[in-house]
There are 2 protein chains.
Amino acid sequence: MIRIIIAEDQSLLRGALASLLSLEDDIEVVAQASDGAEALTLVEQHTPDVLLTDIEMPHASGIDVARKLKESQSPTKVMIVTTFARPGYLERARSAGVLGYVLKDAPSESLADSLRKVASGQLVIERGLAEAAWASPDPLSDREREILRLAEQGQSNKKIAQQLYLSAGTVRNYLAEATQKLGASNRIEAARIARENGWL
Amino acid sequence: MIRIIIAEDQSLLRGALASLLSLEDDIEVVAQASDGAEALTLVEQHTPDVLLTDIEMPHASGIDVARKLKESQSPTKVMIVTTFARPGYLERARSAGVLGYVLKDAPSESLADSLRKVASGQLVIERGLAEAAWASPDPLSDREREILRLAEQGQSNKKIAQQLYLSAGTVRNYLAEATQKLGASNRIEAARIARENGWL
DNA sequence: AATAGCGGGTGACAGATGTCACCTTGCTAG
DNA sequence: CTAGCAAGGTGACATCTGTCACCCGCTATT
């Protein structure tokens with residue numbers, strides 16, 4: 001019997017997945033979480049075989065949860081289910097010790113199979129994704145990422161500088177580097193490209 | 001027996017919803033579509049009682065489909081299931097003759113009930129949403145919307161002007177109006193606000 | 001016929017952003 | 001010890017963006 005916990009913020013999908021997987025004879029859904037923090041607590045309480053989790057959730061992302069579980073050497077394996085085929089996400093998931101990475105685009109029939117593979121310790125990566133990650137590694141430094149995130153909100157150089165205790169000129173320089181690295185022609189395009197690749 | 005068609009581009013959710021609803025005694029899922037165009041064709045073929053559809057899908061949005069069904073005076077009722085509680089979406093859905101508007105955040109148990117209400121001709125709107133739409137009507141003109149959409153991609157005034165056969169100055173003026181209307185301090189923030197409200 | 005409104009446009013100016021060259025400081029690997 | 005590199009910074013300049021006042025032509029209204 002494979003004991004799992006499902007973490008997903010959209011109740012509708014969470015409930016539907018739980019019902020669907022409960023129909024399998026060898027799978028038992030022992031708990032459900034609607035955000036990252038709750039997922040972590042529940043995993044610590046129940047130590048299930050697998051945590052099936054979304055990435056983008058309130059409080060802590062699925063990747064954050066995976067990282068913490070890895071740090072605490074939890075035996076629970078982590079499988080990510082997400083909307084986004086972003087290279088950056090996959091890369092971060094891998095380094096957080098995640099075993100499975102499947103898309104919400106995948107057929108629902110294959111989910112249980114993937115889950116069984118992950119439970120047995122196998123690596124399951126959505127086909128096509130691995131190459132994408134290899135082809136485009138994250139070019140941004142932490143500072144650039146941080147500043148780009150603020151610029152994306154529409155904040156001016158001055159405001160960003162204040163928040164990070166930098167000078168406005170330095171902020172300009174970082175943004176210039178970032179836009180150049182990303183092949184963009186201004187901060188807006190740079191932010192868009194970075195976000196589409198999961199680097200923000 | 002309520003005959004329904006499900007249109008949703010994420011296979012995982014689509015499959016899960018289909019299984020879940022098929023478990024109900026009085027509901028029959030007669031077909032599934034993965035994009036707007038397919039949904040329209042299938043509805044015309046099967047004329048189900050209800051079309052359960054997402055908004056953001058390839059080819060045609062759920063709202064587009066609803067509008068076309070209304071125009072062709074189809075007897076099929078439309079129920080939207082979406083991630084986004086955006087006032088603009090609700091408003092457009094309403095004018096496209098949509099009867100139900102529920103969020104993917106809603107508990108999965110309530111879905112079948114809402115579906116039954118819509119099938120019987122009742123209006124089902126996620127609570128709290130109606131007031132939001134009333135409180136913030138779309139302030140943008142079509143031109144402003146169009147230009148804001150291009151600006152959001154990071155295009156310069158000049159490029160936008162070329163694409164729309166306008167002068168760069170006029171583009172500036174439209175963007176200025178839009179940012180003012182939205183209470184933003186620049187185009188980036190304006191685009192963000194508009195998008196969050198479903199006006200783009 | 002006068003007028004108001006709207007889409008589109010122009011020109012001028014201030015401030016923000018992008019580009020570039022170059023400086024300082026601190027750390028680190030040879 | 002020191003050369004090299006990275007983070008942070010400065011200043012100058014060109015271009016882009018935001019703000020404002022005002023113009024034209026068309027259409028609907030009175």
Side-chain angles (χ1 to χ4, degrees), chain A residues 87-88 91-92 95 136-200, chain B residues 87-88 91-92 95 136-200:
Chain A
E91 170 54 25
R92 272 183 279 163
S95 81
S136 50
D138 185 350
L140 299 177
S141 72
D142 287 346
R143 258 306 194 216
E144 286 160 4
R145 201 188 328 285
E146 196 177 13
I147 289 178
L148 201 50
R149 237 184 239 133
L150 295 172
E152 191 190 22
Q153 314 271 312
Q155 303 205 43
S156 67
N157 289 334
K158 206 184 296 177
K159 273 195 192 169
I160 296 175
Q162 283 170 9
Q163 282 175 62
L164 301 182
Y165 304 103
L166 294 177
S167 85
T170 303
V171 171
R172 250 185 321 163
N173 287 340
Y174 277 114
L175 279 171
E177 275 181 64
T179 53
Q180 207 195 345
K181 280 185 182 175
L182 297 171
S185 59
N186 57 47
R187 61 184 63 196
I188 313 180
E189 207 185 339
R192 213 196 61 221
I193 293 173
R195 187 154 291 283
E196 280 170 3
N197 281 285
W199 297 327
L200 277 191
Chain B
E91 170 56 23
R92 272 183 278 161
S95 82
S136 49
D138 185 350
L140 299 176
S141 72
D142 287 345
R143 259 304 194 218
E144 286 160 3
R145 201 189 327 285
E146 196 175 14
I147 289 177
L148 202 50
R149 239 184 236 134
L150 295 172
E152 191 190 22
Q153 315 270 310
Q155 303 204 41
S156 67
N157 289 334
K158 207 184 295 177
K159 273 195 193 169
I160 297 174
Q162 282 170 9
Q163 283 176 59
L164 301 181
Y165 306 103
L166 294 177
S167 86
T170 303
V171 171
R172 252 185 320 163
N173 286 340
Y174 278 113
L175 279 171
E177 275 180 64
T179 52
Q180 206 196 345
K181 281 184 181 175
L182 297 171
S185 60
N186 57 46
R187 61 184 62 198
I188 313 181
E189 208 184 338
R192 215 195 59 221
I193 294 173
R195 188 155 289 286
E196 280 169 3
N197 282 284
W199 295 329
L200 277 191

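Between the side chain of Arg192(B) and the backbone N or O of Gln153(A) there is at least one donor-acceptor pair closer than 3.5 Å.
Residue Asn157(B) places at least one side-chain N or O closer than 4.0 Å to OP1 or OP2 of dT17(D). Arg143(A) has a side-chain polar atom (N or O) that falls below the 4.0 Å cut-off from OP1 or OP2 of dG8(D). Between Thr170(A) and dG9(D), a side-chain N or O to OP1/OP2 separation shorter than 4.0 Å is present.
Checked against dG18(C), dG8(C), dG9(C), the side chain of Asn173(B) finds its nearest nucleotide in dG9(C). Listed nucleotides dG9(C), dT17(C), dG11(C) differ in distance to Ser156(A); the shortest reach to its side chain belongs to dT17(C).
For the pair Arg143(B) and Glu146(B), the salt-bridge criterion is met [side-chain N within less than 4.0 Å of a carboxylate O].
Where Gln180(A) and Lys158(A) meet DNA chain C, the nucleotide closest to each residue was compared, and Lys158(A) sits on the side nearer the 5' end. Taking for each of Asn186(B) and Ser167(B) the nucleotide of DNA chain C with the nearest heavy atom, the 5'-most of the two is the partner of Ser167(B).
dT19(C) atom C1' lies 17 Å from atom NZ of Lys181(A), rounded to whole Å. At whole-Å resolution of the value, CD1 in Ile147(A) and P in dT17(C) are 13 Å apart. Look at OH on Tyr165(A): it is 19 Å from C1' on dG9(D), rounded to the nearest Å. Between the CD atom of Glu189(B) and the P atom of dT17(C) there is a distance of 12 Å, rounded to whole Å. Across the protein-nucleic acid pair, Arg145(A) atom CZ and dA7(D) atom P stand 12 Å apart, rounded to whole Å. Between the CZ atom of Arg172(A) and the C1' atom of dC22(C) there is a distance of 14 Å, given to the nearest Å. Between Glu177(B) atom CD and dT17(D) atom P there is a gap of 18 Å when expressed in whole angstrom units. If you measure from atom CD1 of Ile160(A) to atom P of dA16(C), you get 13 Å, rounded to the nearest angstrom.
Looking at Arg187(B), its side chain has no donor and acceptor atom pair within 3.5 Å of the base of dT17(D).
Among the protein residues, Leu175(B) comes within range of no part of the nucleic acid, since none of its heavy atoms lies under 4.0 Å from any strand.
Atom-to-atom distance recorded for Ile160(A):CD1 and Leu148(A):CG is 9.0 Å, nearest 0.5 angstrom. Between atom CZ of residue Arg187(B) and atom CG of residue Leu150(B) there is a gap of 11.0 Å, rounded to the nearest 0.5 Å.
Between Leu175(B) and Asn157(B), the closest side-chain pair of non-hydrogen atoms falls below 4.5 Å.
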